[in-house]
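Scope of the values below: all heavy atoms of this structure, side chains included, with no hydrogens, waters or symmetry mates. Positions are given from 1, in the same order as the sequence printed here.
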Amino acid sequence: GLRDSLADALVTNPPWHDPNEAQVSPDQRRAAAHAYDSSEGLETWVRAMAAMLRPGGRFALIHRADSLKKCLDALEGRFGGLEILPLHPRAHQPAHRVILRGIKGSRASLSLLPPFVVHDGERFTPQADAIHKGEALLPGA
């Protein structure tokens, strides 16, 4: 099993949907991947993430842009040096996802990174294409 303070870094994609607010798949595996137990939610996920990371450990979490406040509330007091990378499906569209990165126990301030645009028309942007091919990292990584 997992032990506390074991990891130097974690990358996580927690379930995004409250089953009381979203239509959830009838397939139990898909439902578990996309919807969280509404009695626990993101707070429980972040608490487990904090327990697994050693002091000074780094994390990256992707979530829906409209859940940014919920994410920041869950991270408060556990993580600092937070960076928010807004992911925009196209240049003219609002961000639909955010990647939050931070450091366990840090007291450094929050920073909002420049937007990352995923598509140009129907194709990946050159930067997104390079990441998709494993030739580049996300900005700030």
- Message: With heavy-atom distances below 4.5 Å as the criterion, would you say the side chains of V118 and T125 are in contact?
- Response: no
- Query: Do R64 and R97 come close enough that some side-chain heavy atom pair is under 4.5 Å?
  - Reply: yes
Ignoring hydrogens, what is the shortest heavy-atom contact between [X] and [Y]? Give both atom names and the distance.
{"X": "P139", "Y": "L113", "result": "O-CD1, 4.2 Å"}
{"X": "P14", "Y": "H63", "result": "CG-CD2, 3.9 Å"}
{"X": "L61", "Y": "C71", "result": "CD2-SG, 4.1 Å"}
{"X": "L138", "Y": "I99", "result": "CD1-CD1, 3.3 Å"}

- Task: Could you tell me whether the side chain of K104 and the main chain of G57 form a donor-acceptor pair under 3.5 Å?
- Result: no
Give, for atom [atom1] of [X] and atom [atom2] of [Y], the distance between the pair rounded to the nearest 0.5 Å.
{"X": "D129", "Y": "H119", "atom1": "CG", "atom2": "NE2", "value": "10.0 Å"}
{"X": "M49", "Y": "L42", "atom1": "CE", "atom2": "CG", "value": "8.0 Å"}
{"X": "F59", "Y": "T12", "atom1": "CZ", "atom2": "OG1", "value": "10.0 Å"}
{"X": "E43", "Y": "D73", "atom1": "CD", "atom2": "CG", "value": "9.0 Å"}

Please tell me whether [X] and [Y] are part of a single hydrophobic cluster in this structure, the criterion being side-chain heavy atoms less than 4.5 Å apart.
{"X": "F124", "Y": "F116", "answer": "yes"}
{"X": "L100", "Y": "L10", "answer": "yes"}
{"X": "V11", "Y": "I103", "answer": "no"}

Using a 3.5 Å cut-off and no angle test, enumerate the donor-acceptor pairs between side-chain atoms of residues 79-91 and protein atoms at least two apart in sequence or in another chain.
from: E83; atom 1: OE1; to: R101; atom 2: NE; distance (Å): 3.2
from: E83; atom 1: OE1; to: R101; atom 2: NH2; distance (Å): 3.4
from: H88; atom 1: ND1; to: Q93; atom 2: O; distance (Å): 2.8
from: H88; atom 1: ND1; to: A95; atom 2: N; distance (Å): 3.1
from: R90; atom 1: NE; to: G121; atom 2: O; distance (Å): 3.0
from: R90; atom 1: NH2; to: G121; atom 2: O; distance (Å): 3.1

Counting only heavy atoms not in [X], do more than 12 sit closer than 6.0 Å to its [atom1] atom?
{"X": "H132", "atom1": "NE2", "result": "no"}
{"X": "D66", "atom1": "CG", "result": "yes"}
{"X": "R58", "atom1": "CZ", "result": "no"}

